[in-house]
Number of protein chains: 2
Amino acid sequence: MIRKPTSRETARKPNMREAILAAAEELFATNGFNAVSVRDIAHAAGANPGSVTYHFRTKDGLLLEIYRRHCGPMNLRRSELLAAARRVRDLQDRLEAIVRAYVVPAFTSGSDLAGGGARFTRLRAVMSAEGNEVARKIIAQTFDDTSHAFIDAIHESLPHIPRTDIVWRSHFLLGALYYSLVTPERVSRLSRGEADGSDAAGAIEQLVQATVAAFQAPALDQAAPARRRPVVSSKT
Amino acid sequence: MIRKPTSRETARKPNMREAILAAAEELFATNGFNAVSVRDIAHAAGANPGSVTYHFRTKDGLLLEIYRRHCGPMNLRRSELLAAARRVRDLQDRLEAIVRAYVVPAFTSGSDLAGGGARFTRLRAVMSAEGNEVARKIIAQTFDDTSHAFIDAIHESLPHIPRTDIVWRSHFLLGALYYSLVTPERVSRLSRGEADGSDAAGAIEQLVQATVAAFQAPALDQAAPARRRPVVSSKT
DNA sequence: ATGTGATTTGTACTATCGTACAAAAGATCA
DNA sequence: TGATCTTTTGTACGATAGTACAAATCACAT
């Protein structure tokens with residue numbers, strides 16, 4: 001039924017290459033790129049440091065392979081969900097469906113690779129914060145198309161909002177999404193145990209609800225900032 | 001007029017200690033903690049590596065001192081702005097004032113120290129993403145009080161929203177705030193030059209507008225998730 | 001069983017890391 | 001001016017970083 005794998009595909013230990021990738025993903029996502037050594041990764045994967053060099057040449061190469069593994073499937077899933085969302089008739093429902101199509105693959109498995117998309121999304125968040133060059137390049141050329149597609153779709157369902165505002169708000173969405181995956185325990189702590197920051201389903205619902213409302217906020221007409229409101233002194 | 005400084009206060013070069021702090025702040029905020037070496041910092045400050053050891057003992061000590069420098073003034077300013085905001089009568093206006101009291105000190109100078117609060121806020125974002133232990137400890141014991149005060153204030157102006165939802169939404173606010181400071185160029189890129197992500201005033205207005213709307217979103221009753229909407233297939 | 005190519009191991013090299021410390025230099029006051 | 005304290009410099013040490021590479025080991029076809 002299933003083709004017998006050749007020696008080219010199966011390592012001695014069952015897929016050491018995958019184990020290294022998974023370990024690196026986990027360690028990078030929780031500690032950052034520079035805080036993790038190749039030896040740390042090899043140890044976590046139960047492998048020899050030399051194996052990492054053999055499979056991925058360099059530490060950068062390892063990171064690059066992680067991105068290659070996830071970007072395709074995740075964007076594909078997002079595209080599918082976005083296409084379905086765009087077919088929703090009711091504008092309010094459509095907006096929510098679009099936001100959901102953006103958020104869900106980031107939390108749940110964007111691919112069927114072990115661990116799912118949450119880990120990879122967290123990894124992206126951390127690499128973004130560290131200003132990692134390898135990540136920056138591959139992200140800009142891989143995710144910008146997707147981001148534009150979402151921005152366009154949202155703009156269609158909110159035609160009265162300037163595109164600039166949509167860009168800002170989708171930027172906020174991504175920031176909120178990232179931060180929810182980076183420090184979920186902060187939610188648990190601040191809610192005094194009433195909420196569980198690590199609960200993906202709960203986070204998704206909260207994020208979708210809040211974001212939809214943010215997108216629907218009145219436009220910010222920067223041409224006329226005259227509408228000054230006596231809020232709080234802006235002086236020190 | 002001004003008291004003549006003694007030798008205890010003025011270094012040979014004008015405040016080398018401050019120069020090191022400023023350089024470290026900038027480098028940590030843009031590259032992360034582990035990617036920056038003590039030598040990098042010394043070089044950027046025009047100092048000798050040994051000077052860093054002399055003034056701060058360790059690299060962790062340097063980071064700790066950066067936090068000590070900013071946390072106090074920033075929280076003080078936030079408290080003042082929050083107190084003023086709570087006195088606003090109109091509930092809608094009060095909510096906006098509260099959010100503004102949270103956001104403004106993070107973008108503009110939380111203290112009168114060189115560079116202002118934006119750099120320090122970005123630093124906090126990066127340390128948070130890297131899971132830095134030194135930062136985690138000092139943040140939890142320094143900012144949680146402030147966070148609770150804001151959450152309480154927001155809850156007061158939105159009594160019909162469960163506290164859990166407020167926590168989540170303020171968490172999203174912080175994430176959006178962090179991300180805006182970490183990758184402002186992404187906003188410029190995605191808006192095709194129509195918006196400037198580095199413009200603090202613009203970012204603040206957008207963030208306040210979007211966040212107020214998010215807080216005002218209807219409550220998310222997790223007791224009854226029955227209100228299922230036919231949005232998009234959740235299957236792969 | 002044996003040869004062959006893929007993989008894993010063990011180790012070593014060089015660079016750079018954080019930090020320590022003695023000496024030099026500067027500042028201050030008697 | 002000389003004594004004393006603070007700051008800066010220069011250098012060195014041990015630890016660890018990324019990576020390379022030869023030898024050992026394994027899976028499989030013949």
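Since this is a predicted model, take the numbers as computed values, not measurements. Just so we're on the same page: letters track the sequence lines, and every chain starts at 1.
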| said: Expressed as a whole number of angstroms, how long is the span from B:Lys59:NZ to C:dA20:P? | reply: 15 Å

| message | Under a plain distance cut-off of 3.5 Å, with no hydrogens placed, do A:Ser51 and A:Asn48 share a side-chain donor-acceptor pair? | response | no

| request: Measure up the A:His70 and A:Phe120 rings against each other and bin them: parallel (under 30°), tilted (30 to 60°), perpendicular (over 60°). | output: parallel

| request: Rounded off to whole Å, could you give me the CG-to-C1' distance for the A:Leu27 and D:dA17 pair? | output: 16 Å

| remark: The nucleotide from C:dG18, D:dA17, C:dT8 with an atom nearest the side chain of A:Met16 is C:dT8

| query | Can you find a side chain N or O atom of B:Asn48 that sits less than 4.0 Å from OP1 or OP2 on D:dG10? | reply | yes

| message | Tell me whether the NZ or CZ atom of A:Arg124 lies within the 45° cone about the ring axis of A:Phe143 and under 6.0 Å from its centre. | response | yes

| message | Students often get this wrong, so: under 4.0 angstrom with heavy atoms, is A:Ser51 touching a base, only sugar-phosphate, or nothing? | response | base

| query | CZ of B:Phe56 versus P of C:dG18: gap in Å, rounded? | reply | 15 Å

| request: Would you please classify the geometry between the B:Phe172 ring and the B:Trp168 ring as parallel, tilted or perpendicular, with 30° and 60° separating the classes? | output: tilted

| said: Nearest whole Å is fine: how far is C:dG18 P from A:Asn34 CG? | reply: 11 Å

| task | Send over the distance from A:Ile20 CD1 to C:dT9 C1', rounded to a whole Å. | result | 12 Å

| task | Ignoring backbone atoms, test whether A:His55 places a side-chain nitrogen or oxygen under 4.0 Å from the OP1 or OP2 oxygen of C:dA6. | result | no

| said: Need to verify one output field. Residue with the more 5' nearest nucleotide on DNA chain C, A:Val52 or A:Arg39? | reply: A:Val52

| query | Between A:Leu64 and A:Arg68, is any pair of side-chain heavy atoms under 4.5 Å apart? | reply | yes

| Counting only side-chain N and O atoms of B:Tyr54, is one of them less than 4.0 Å from OP1 or OP2 of D:dT7? | yes

| said: Just the rounded figure in Å: distance from C1' of C:dT16 to CD1 of B:Ile41. | reply: 15 Å

| Whichever of A:Ala35 and A:Arg57 has its nearest DNA chain D nucleotide further upstream toward 5' | A:Ala35

| field | B:Thr53 side chain near C:dT19 phosphate (N/O to OP1/OP2, under 4.0 Å) | value | no

| query | DNA chain D: A:Asp40 or A:Gly50, which has the more 5' nearest nucleotide? | reply | A:Asp40

| said: Rounded to whole Å, how long is the line connecting atom CG of B:Asn15 with atom P of D:dT8? | reply: 9 Å

